[in-house]
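Just so you know, these numbers use all the heavy atoms, side chains as well, and skip hydrogens, waters and symmetry mates.
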Amino acid sequence: ILILACIVILGYLYWMIKKNGLIPVVVKMIVAAEDQFEKGANQEKINYVIDSLLEFLPKILRCFITRENVKSFVQKVFNGVKEALDYKG
């Protein structure tokens with residue numbers, strides 16, 4: 001019963017994150033990092049966003065998500081935003 005309850009809880013959390021979307025949250029975190037750190041402090045910025053996103057996620061999910069997974073996701077979001085801003089048509 002405990003295992004089934006954990007599966008249901010994880011499924012619900014996954015659905016909520018998927019429904020609400022993490023991309024807008026990460027974009028806001030990237031903007032906050034750009035405001036908070038000096039130009040060129042890229043490592044500090046990425047670490048800030050990764051740490052912020054890990055804190056944003058429910059504790060139960062942090063057990064299953066590695067820092068490297070979060071870094072990869074954040075990098076993909078950043079690349080997408082940068083590509084959109086750099087588009088010249």
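Take Lys28 and apply the side chain to side chain contact (heavy atoms under 4.5 Å, CB included) test, not counting sequence neighbours, and it matches no residue. Looking at residues two or more places apart in sequence or on another chain, you find a side chain to side chain contact (heavy atoms under 4.5 Å, CB included) between Lys71 and Ile50, Glu68. Under the side-chain hydrogen bond (donor to acceptor under 3.5 Å, both in side chains) criterion, Asn79 pairs with Gln75, sequence neighbours left out. Taking the side chain to side chain contact (heavy atoms under 4.5 Å, CB included) definition, one finds that Glu83 meets it with nothing, sequence neighbours left out.
When side chains are defined from C-beta on, Leu22 counts as touching Leu53, because their heavy atoms get closer than 4.5 Å. Between Tyr48 and Ser52 the shortest side-chain heavy-atom distance falls below 4.5 Å.
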Query - Derivation and outcome, side-chain contact (heavy atoms from CB on, under 4.5 Å), residues Phe78 and Ile46 - result: CA-CA 10 Å; Phe78 176 80; Ile46 190 84; over 6 Å; no
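Under a cut-off of 6.0 angstrom, the local environment of CD1 in Ile65 is crowded, with over 12 non-hydrogen atoms contributed by other residues, nucleotides or ligands.
Applying the side chain to side chain donor-acceptor pair (under 3.5 Å) rule to pairs touching residues 57-67 yields Asn47-Arg67, Asp51-Arg67, Thr66-Asn69, sequence neighbours excluded.
Under the 4.5 Å side-chain contact rule for hydrophobic residues, Leu85 and Val27 share a cluster.
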Expected list for residues 32-40: side-chain donor-acceptor pairs under 3.5 angstrom, two or more places apart:
| unit_1 | atom_1 | unit_2 | atom_2 | d |
| --- | --- | --- | --- | --- |
| Glu34 | OE1 | Lys45 | NZ | 3.0 |

